[in-house]
Peer 1: 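Below you will find the structure I want to go over with you.
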Amino acid sequence: MTNSAFKKDFLWGNSVSSMQTEGAYNEGGKGPSVYDLVEPGEHRSDWKVAIDDYHRYPEDFDLMKDLGMNCYRFQISWSRVQPDGEGEFNPEGIKFYHDFIDALIARGIEPMICLYHFDMPLNLAKKYQGFMSREVVDDFVRYGEKMVDEFGSKVKYWLTFNEQNLYSMQGCAKIAGALETPETLENILTISHHVMLAHARVSNYLHQTTQAQIGGMLAYTELYPATAKPADNFYTEQINQFYNYNLLDAFTGRGYVPAFLNLIEQNHFQIIKPGDLDIIKQQRSDFLPFSYYRSTTLSADNITDLTQLLTKGGAFKDNPYLKTTEWNWQIDPLGFRNIIVKMWNRYRLPIFPIENGIGVIEEWDGQHEIQDDYRIVYHREHLQAMKDAMEIDGADVLGYLGWGLIDILSSQADMRKRYGVVYVNRTNHDLRDMKRVPKKSYHWLKKVIAANGADLY
């Protein structure tokens, strides 16, 4: 454990999505997305207001500046700038993001744009089944190129898809806007390929037209074999190959791993068209961004073959050697370090963890500061693991972005699951005043950033 600081230009910041923050679902010319179909439930809000950042973002940017943050990864809502996902763009929506980006830059905060975070314009979901269709690949590329044209001179860091490997596994149809599509092996592989093709085309355009940088992003869960059984280890590596290395290899100009192409060919799936693989090999990532929250283990006892693994998932088991959150996510800072080191050693591109944090049910009594020491411990241990990856293992890390560090709705629209160092005063069904209230962790993080990581205590 050292007291040395990170490099001078290290990026400290916050990551969010548009539907979890903006609200204003029917303002400013915004069209509907698939998220507007979600009805409130016992532990679920709708997405109509979120934390009202559409109207309140200057207040939140001031908090980020006070914290010392110099990077904010946010998402452009496709249906805000192009209401149907095809056809005319919405000047009012585009102006909103110009003003939004300018406000960040005025505060010394580097914007990072993500183009898609699961919120398919409803028109494209109904008309084409989202990324099951090559028409939607073309639509996304038109949208992405327009955003690059608008913001490419202002914004240095870009992402196409949030957690792109999620389009290679169970649950991919929903986040791809393919709401009525069964998740057969062929459909999963189709969605995965179409999303990579869309990423590659936008990445290539950005490099041809700007000096900006772009990275292909993974949701990286460290996975251990549940036992020393060879099958547990084998299928753990199969998951790594198909969910992680297949995309990372493609992001870095190597193309897909051979096993992915073999699986398509051997099943006679007509997914890849002439020229697709050339487009994918032409693109490159300038950095490798990923999200990390937890690790788990895999038991292969009931796995019979690769197709079953990809379509039904593995038998994941809790690790008895790790602590578990109330959302049953296991806390594993060493897994964080291991992922950074593996990615760096294999690809030698700057690594950028852009989501990390702990979700906890918290309530504010309206008077006293929330004493979230557990959040301080979580981030301290992960920052130390990242520092070890840099100083001991030699990895090049661009920065560290926490997830939802001003409280937002969870990915399941549950306001109870809070990641923030700032409390937002609303519940799932009561908007209250949405006052922003710093927690104990806010003051700790402010001190850490001021010291550029030299002092984590």
Side-chain angles (χ1 to χ4, degrees), residues 1-16 63-64 66-73 220-222 289-295 319 321-341 343-344 351-362 369-408 417-423 437-457:
M1 193 173 295
T2 65
N3 291 322
S4 59
F6 296 147
K7 57 188 178 182
K8 185 175 66 173
D9 56 351
F10 194 80
L11 295 171
W12 294 93
N14 185 20
S15 277
V16 298
L63 283 165
M64 293 179 213
D66 181 68
L67 270 165
M69 289 180 177
N70 58 3
C71 186
Y72 184 48
R73 172 259 178 132
Y220 219 133
T221 296
E222 180 71 324
F290 71 102
S291 63
Y292 178 80
Y293 298 96
R294 59 188 175 125
S295 67
N319 190 331
Y321 302 102
L322 295 176
K323 294 180 180 178
T324 303
T325 73
E326 58 202 306
W327 304 98
N328 201 39
W329 287 18
Q330 296 204 277
I331 301 170
D332 184 9
L334 196 59
F336 186 44
R337 174 180 173 183
N338 199 37
I339 286 169
I340 293 171
V341 174
M343 291 173 72
W344 170 251
I351 310 301
F352 200 170
I354 62 170
E355 288 185 28
N356 182 237
I358 181 171
V360 179
I361 294 176
E362 293 169 324
E369 182 180 79
I370 293 173
Q371 301 296 300
D372 58 338
D373 294 272
Y374 41 82
R375 183 167 288 108
I376 294 172
V377 171
Y378 181 97
H379 283 286
R380 176 189 292 136
E381 290 180 347
H382 284 77
L383 285 167
Q384 184 62 55
M386 183 180 69
K387 180 182 278 195
D388 291 343
M390 298 161 71
E391 296 182 350
I392 298 172
D393 304 309
D396 180 11
V397 179
L398 281 180
Y400 175 85
L401 308 186
W403 173 254
L405 294 181
I406 297 171
D407 283 347
I408 61 178
K417 190 179 185 183
R418 296 175 181 266
Y419 285 87
V421 299
V422 176
Y423 187 87
V437 185
K439 306 173 189 177
K440 182 178 181 180
S441 57
Y442 178 95
H443 309 291
W444 169 81
L445 183 59
K446 183 175 180 178
K447 186 177 72 168
V448 167
I449 295 174
N452 198 22
D455 181 8
L456 301 180
Y457 284 85

Peer 1: Rounded to the nearest 0.5 Å, how far apart are CD1 of Ile449 and CE of Met64?
Peer 2: 11.0 Å
Peer 1: Can you name the closest pair of heavy atoms from Ala389 and Arg337 and give their distance?
Peer 2: CB-CG, 3.9 Å
Peer 1: Would you give the length of the straight line joining atom CG of Asn14 to atom CG of Leu445, rounded to the nearest 0.5 angstrom?
Peer 2: 9.5 Å
Peer 1: Could you go through residues 396-404 and list every donor-acceptor pair under 3.5 Å that involves a side-chain atom there, pairing it with any protein atom two or more places apart or in another chain?
Peer 2:
{"unit_1": "Asp396", "atom_1": "OD1", "unit_2": "Lys7", "atom_2": "NZ", "d": "2.9"}
{"unit_1": "Tyr400", "atom_1": "OH", "unit_2": "Asn356", "atom_2": "OD1", "d": "2.5"}
{"unit_1": "Tyr400", "atom_1": "OH", "unit_2": "His379", "atom_2": "ND1", "d": "2.7"}

Peer 1: Do you know which two heavy atoms are closest between Pro438 and His443, and how far apart they sit?
Peer 2: CB-NE2, 4.4 Å
Peer 1: So which heavy atom on Arg73 is nearest to which on Ser15, and how close?
Peer 2: CD-OG, 3.1 Å
Peer 1: With a 4.5 Å cut-off on side-chain heavy atoms, are Ser291 and Tyr220 touching?
Peer 2: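 Counting from C-beta outward, Tyr220 and Ser291 never come under 4.5 Å.
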Peer 1: Less than 4.5 Å apart, any side-chain heavy atom of Asp332 and any of Arg294?
Peer 2: no
Peer 1: How long is the straight-line distance from CG of Leu67 back to OG of Ser441, given to the nearest 0.5 Å?
Peer 2: 9.0 Å
Peer 1: Is any side-chain heavy atom of Ile340 closer than 4.5 Å to one of Asp393?
Peer 2: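 No. Closest side-chain heavy atoms not under 4.5 Å.
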Peer 1: So if I apply the side-chain contact (heavy atoms from CB on, under 4.5 Å) rule between Ile331 and each of Leu322, Thr324, Ile358, which one comes out positive?
Peer 2: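 Among Leu322, Thr324, Ile358, the one meeting side-chain contact (heavy atoms from CB on, under 4.5 Å) with Ile331 is Ile358.
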Peer 1: Using the test ring pair (Phe, Tyr, Trp, His ring centres under 6.0 Å), find all partners of Tyr442 that sit at least two apart in sequence or belong to another chain.
Peer 2: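 Checked Tyr442 against ring pair (Phe, Tyr, Trp, His ring centres under 6.0 Å); zero matches.
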Peer 1: I need the Lys417 NZ to Glu326 CD distance, nearest 0.5 Å.
Peer 2: 9.5 Å
Peer 1: Please report the C-alpha distance between Tyr374 and Glu362 in whole Å, then the side-chain angles of each, then the deciding distance to 0.1 Å, and finally whether the side-chain contact (heavy atoms from CB on, under 4.5 Å) criterion is met.
Peer 2: CA-CA 12 Å; Tyr374 41 82; Glu362 293 169 324; 2.5 Å; yes
Peer 1: Which heavy atom in Leu456 sits nearest to a heavy atom in Arg380, and how many Å separate them?
Peer 2: O-NE, 2.8 Å
Peer 1: Of all heavy-atom pairs between Asn319 and Gln330, which one has the smallest distance, and what is that distance?
Peer 2: N-OE1, 2.5 Å
Peer 1: Do the side chains of Tyr293 and Trp327 get nearer than 4.5 Å, heavy atoms only?
Peer 2: no
Peer 1: Ignoring hydrogens, what is the shortest heavy-atom contact between Glu222 and Gly335? Give both atom names and the distance.
Peer 2: CG-CA, 4.0 Å
Peer 1: Using side-chain contact (heavy atoms from CB on, under 4.5 Å), reason through Leu11 and Phe352 one step at a time and then give a plain yes or no.
Peer 2: CA-CA 9 Å; Leu11 295 171; Phe352 200 170; 3.9 Å; yes
Peer 1: To the nearest 0.5 Å, how far apart are NZ in Lys439 and CG in Leu405?
Peer 2: 9.5 Å
Peer 1: Applying ring pair (Phe, Tyr, Trp, His ring centres under 6.0 Å), name anything that partners Trp12, two or more places apart in sequence or on another chain.
Peer 2: Phe6, Phe10
Peer 1: Could you grab the distance from atom CG of Leu334 to atom CD of Gln384, nearest 0.5 Å is fine?
Peer 2: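 Nearest 0.5 Å value for the CG-CD distance: 11.5 Å.
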Peer 1: Do Leu383 and Lys387 have side chains that get closer than 4.5 Å, going by heavy atoms?
Peer 2: no
Peer 1: Using the rule given for side-chain contact (heavy atoms from CB on, under 4.5 Å), can you reason through Arg418 versus Val360, listing the C-alpha separation, both sets of side-chain angles and the distance that settles it, and then say yes or no?
Peer 2: CA-CA 5 Å; Arg418 296 175 181 266; Val360 179; 5.9 Å; no
